[in-house]
Amino acid sequence: MTNTVAIIGTGAVGATIGAWLTADQALQVTLCARTPFERLRVETPAGVLESTPRLLLEPEAAAPVDWVIVATKTYDAGGASRWLDRLLGPCTRLAVLQNGVEHLARFPEVEPASVVPVIVDIPAERTAPGQVVQRRTGSLTMPAGANGEAFARLFAHTPIETSLTDDWLTAAWRKLAVNCAGAVSALTLKPAGIVADQEVAALMRAMVLECVAVGRAQGARLDDGLADEVVEGYRQGPPDSINSILADRLAGRATEADARNGVIARLGRRHAIPAPLNHMADVLLRAS
Ligand SMILES: NC(=O)C1=CN([C@@H]2O[C@H](COP(=O)(O)OP(=O)(O)OC[C@H]3O[C@@H](n4cnc5c(N)ncnc54)[C@H](OP(=O)(O)O)[C@@H]3O)[C@@H](O)[C@H]2O)C=CC1
Ligand SMILES: CC(C)(CO)C(=O)C(=O)O
């Protein structure tokens with residue numbers, strides 16, 4: 001049976017996912033974009049994927065599909081919602097491919113049972129509209145259950161790893177731990193190799209410890225050892241790697257500071273757990 005898929009947002013993640021899904025003849029893929037382009041070209045670790053997918057620029061031209069995939073930045077969730085009126089039918093499922101821990105809260109208008117929150121670990125950079133470099137094959141992680149399984153099946157023809165977890169909350173907070181420490185790159189305008197500086201590494205560790213404390217209070221199963229794990233992960237990774245929040249700053253766009261750092265301070269306040277470093281990162285990134 002043909003599945004119809006609409007992807008809202010054709011940046012680093014949306015274009016990568018779009019290129020892989022378009023490669024499957026059994027899927028009818030529509031890209032819902034803000035900035036037009038003629039061809040989609042993604043350099044993947046397995047080779048270049050090129051296609052001319054169906055592109056829509058206005059929500060008014062859209063019709064209901066089986067799957068809607070949101071791949072905008074978190075701060076563009078409002079713009080993404082403008083497409084949903086047209087794209088959502090009675091049986092549509094919505095997959096939210098964004099960072100942070102508030103995937104469902106960003107789309108309050110959608111019945112939570114139809115929403116699949118997805119943790120994306122696919123480093124990718126966009127070089128021009130419709131052109132992206134996918135740095136690593138990467139993975140997508142969904143909550144266990146029928147919707148997560150159905151979403152994973154869309155990627156069966158791709159090398160992208162899909163996994164289902166009974167404890168998605170913990171997985172999302174573990175990813176947030178990586179992302180919150182990544183703010184040092186956006187603040188210093190330096191790629192991941194900045195971790196080689198001992199004082200920066202100590203700061204990253206302390207930011208992760210705040211994340212661990214708040215995540216635990218929110219119900220995630222995290223231990224303090226995660227701080228060393230995250231810093232070691234940055235040390236082992238490519239020093240020239242540019243995370244998406246640094247890419248935003250370099251491009252002069254807004255950043256996801258609230259979803260990646262501010263959220264730790266915001267949720268921390270509910271539990272009387274201070275998170276001054278993440279608060280500072282959020283404030284400085286929003287002010288810069
Ligand atoms: N890049 C990465 O390596 C990773 C990113 N993530 C997360 O994935 C999410 C997406 O990030 P990323 O792909 O990097 O972001 P990008 O900025 O590269 O892409 C976002 C896309 O959304 C589009 N967009 C914004 N508003 C609308 C709208 N109203 N209608 C249609 N399209 C719209 C933008 O359009 P325009 O082209 O006009 O700017 C852009 O193409 C983020 O939450 C990020 O943190 C997670 C893991 C890795
Ligand atoms: C962890 C990383 C760097 C890639 O998956 C990311 O989430 C981002 O760039 O936002």
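Just so you know, these numbers come straight off a predicted model, no measurement behind them. Note that ligands are numbered from 1 as they come in the structure, with each ligand's atoms numbered from 1 the same way.
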(message) With a heavy-atom distance limit of 4.0 Å, tell me whether D76 approaches ligand 1 through its side chain, its backbone, both, or neither.
(response) side chain
(request) Determine, for D258 against R266, whether the closest basic-nitrogen to carboxylate-oxygen distance falls under 4.0 angstrom. (result) yes
(message) Checking the N or O distance criterion of under 3.5 Å, is ligand 2 in contact with N243?
(response) no
(message) Just to confirm my output: which protein heavy-atom neighbour is closest to atom 22 (O) of ligand 1, and how far is it?
(response) G9 CA, 3.4 Å
(request) For the pair R136 and D121, find out whether any cationic side-chain nitrogen is under 4.0 Å from an anionic carboxylate oxygen. (result) yes
(request) Assess the side chains of H271 and Q218: does a donor N or O sit below 3.5 Å from an acceptor N or O? (result) yes
(message) Return the closest protein heavy atom for atom 44 (C) of ligand 1 as residue, atom name and distance.
(response) E256 OE1, 3.4 Å
Sequence neighbours left out, cut at 3.5 Å: what donor-acceptor pairs do the side chains of residues 47-63 make with other protein atoms?
residue	atom	partner	partner atom	Å
E50	OE1	R39	NE	3.4
R54	NH1	T30	OG1	3.1

(request) Distance to 0.1 Å, residue and atom name: give those for the protein heavy atom nearest to atom 5 (O) of ligand 2. (result) D121 OD1, 3.0 Å
(request) Kindly check if the number of other-residue, nucleotide or ligand heavy atoms within 6.0 Å of CD (E109) is above 12? (result) yes
(request) Return the residue, atom name and 0.1 Å-rounded distance of the protein heavy atom closest to atom 37 (O) of ligand 1. (result) R126 NH1, 2.8 Å
(message) If we count only N and O atoms by modelled type, under 3.5 Å, do the side chains of N261 and N278 hold a donor and an acceptor together?
(response) yes
(message) Applying a heavy-atom cut-off of 4.0 Å, say which part of K175 lies close to ligand 1: side chain, backbone, both or neither.
(response) side chain
(message) Could you check whether R205 pairs with D228 (Lys NZ or Arg NE/NH1/NH2 to Asp/Glu carboxylate O, under 4.0 Å)?
(response) yes
(message) Under a plain distance cut-off of 3.5 Å, with no hydrogens placed, do R106 and Q98 share a side-chain donor-acceptor pair?
(response) yes
(message) Ring centres under 6.0 Å, that's the criterion: do F151 and W67 meet it?
(response) yes
(request) Measure from the side-chain N and O atoms of N147 to the backbone N and O of A113, and report whether any donor-acceptor pair falls under 3.5 Å. (result) yes
(message) Tell me the contacting part of R34 for ligand 1: side chain, backbone, both, or neither, using a 4.0 Å heavy-atom threshold, strictly below.
(response) both
(request) Starting from atom 38 (O) of ligand 1, locate the nearest protein heavy atom and write down its residue, its atom name and how far away it is, to 0.1 Å. (result) T35 OG1, 2.5 Å
(request) Taking only heavy atoms of P123 into account, list the atoms of ligand 1 that are under 4.0 Å away from them. (result) 3 (O)
(request) Below 4.0 angstrom from a heavy atom of I122, which ligand 2 atoms are there? Numbered from 1 as shown, please. (result) 5 (O)
(message) If the cut-off is 4.0 Å to any non-hydrogen atom of G79, which atoms of ligand 1 fall inside it?
(response) 29 (N)
(message) For ligand 1, which is the ligand I care about here, please tell me if D248 has any N or O atom under 3.5 Å from one of the ligand's N or O atoms.
(response) no
(message) Among all protein heavy atoms in this structure, tell me which lies nearest to atom 48 (C) of ligand 1, with the distance rounded to 0.1 Å.
(response) I122 O, 3.4 Å
(request) Determine whether any heavy atom of K175 lies closer than 4.0 Å to an atom of ligand 2. (result) yes
(message) Using heavy atoms and a 4.0 Å limit, tell me yes or no: is P129 in contact with ligand 1?
(response) no
(request) Heavy-atom distances under 4.0 Å are what count here, so tell me which part of A259 touches ligand 1: side chain, backbone, both or neither. (result) neither
(request) Please answer whether the main-chain N or O of T74 pairs with a side-chain N or O of E256 as donor and acceptor at a distance below 3.5 Å. (result) yes
(request) Please answer whether the main-chain N or O of Q131 pairs with a side-chain N or O of R126 as donor and acceptor at a distance below 3.5 Å. (result) no
(message) Test your reading of the structure: does V120 have an N or O sitting under 3.5 Å from an N or O of ligand 1?
(response) no
(request) Return the option from A124, A251, A247, C32 holding the heavy atom at the smallest distance from atom 1 (N) of ligand 1. (result) A124
(request) Within a distance under 4.0 Å of any heavy atom of T10, pick out the atoms of ligand 1 and give their elements. (result) 21 (C), 41 (O)
(message) Looking at L222, is its backbone amide N or carbonyl O close enough to the side chain of R216 to form a donor-acceptor pair, meaning the two atoms are under 3.5 Å apart?
(response) yes
(request) Compute whether any side-chain donor of one residue and acceptor of the other, for D66 and T4, lie under 3.5 angstrom apart. (result) yes
(request) For ligand 2, find out whether one of its N or O atoms is nearer than 3.5 Å to an N or O atom of R136. (result) no
(message) So for ligand 1, is A12 a polar contact partner (N or O within less than 3.5 Å, distance only)?
(response) yes
(message) For the residue pair R260 / S244, report whether a side-chain donor-acceptor contact shorter than 3.5 Å exists.
(response) yes
(message) Give me the residue, atom name and distance of the protein heavy atom closest to atom 9 (O) of ligand 2.
(response) S244 N, 2.8 Å
(request) May I ask you to check if ligand 1 and V13 share an N or O to N or O distance below 3.5 Å? (result) yes
(request) Below 4.0 angstrom from a heavy atom of A71, which ligand 1 atoms are there? Numbered from 1 as shown, please. (result) 10 (C), 20 (C)
(message) Checking side-chain contact (heavy atoms from CB on, under 4.5 Å) between I245 and each of L285, N99, N179, which is the one that passes?
(response) L285
(request) Using modelled atom types only, decide if a donor and an acceptor are shared between the side chain of Q134 and the backbone of T137 within a distance under 3.5 Å. (result) yes
(request) Could you list the atoms of ligand 1 found under 4.0 angstrom from a heavy atom of L97? (result) 8 (O), 9 (C)
(message) Please identify which of these residues, T72, I119, I7, I17, meets the side-chain contact (heavy atoms from CB on, under 4.5 Å) condition with L97.
(response) I17
(message) I need the contact type for D121 against ligand 1. Using non-hydrogen atoms and a strict under-4.0 Å cut-off, is it side chain, backbone, both or neither?
(response) neither
(request) Measure the CG-SG distance between L209 and C180 for me, rounded to the nearest 0.5 Å. (result) 9.5 Å
(message) Tell me the protein heavy atom at minimum distance from atom 7 (C) of ligand 1, and give that distance in Å.
(response) N99 ND2, 3.5 Å
(request) State the atoms of ligand 2, each with its element, that fall below the 4.0 Å cut-off from a heavy-atom position in R260. (result) 10 (O)
(message) Applying side-chain contact (heavy atoms from CB on, under 4.5 Å) to L87 and T92, what does each step give before you reach the verdict?
(response) CA-CA 8 Å; L87 290 171; T92 306; 5.9 Å; no
(message) Check this for me: R221, atom CZ, are more than 12 non-hydrogen atoms of other residues, nucleotides or ligands nearer than 6.0 Å?
(response) no
(request) For ligand 1, indicate whether the residue N179 contacts it via side chain, backbone, both or neither (heavy-atom separation under 4.0 Å). (result) neither
(request) Measure R260 to ligand 1 on non-hydrogen atoms and call it side chain, backbone, both or neither using the 4.0 Å cut-off. (result) side chain
(request) Provide, to 0.1 Å, the distance between atom 6 (C) of ligand 2 and the closest protein heavy atom, together with that atom's residue and name. (result) N179 ND2, 3.5 Å
(request) Specify the protein heavy atom at minimum distance from atom 21 (C) of ligand 1: its residue, its atom name, and the distance to 0.1 Å. (result) G11 N, 3.6 Å
(request) Between A15 and ligand 1, find which residue part has any heavy-atom pair under 4.0 Å and reply side chain, backbone, both or neither. (result) neither
(request) Measure from atom 15 (O) of ligand 1 to every heavy atom in H103, K73, E58 and give the option owning the shortest one. (result) K73
(request) Name the closest protein heavy atom to atom 28 (C) of ligand 1, giving the residue it belongs to and the distance to 0.1 Å. (result) W83 NE1, 4.0 Å
(request) Could you tell me whether ligand 1 has any atom less than 4.0 Å away from a heavy atom of R82? (result) no
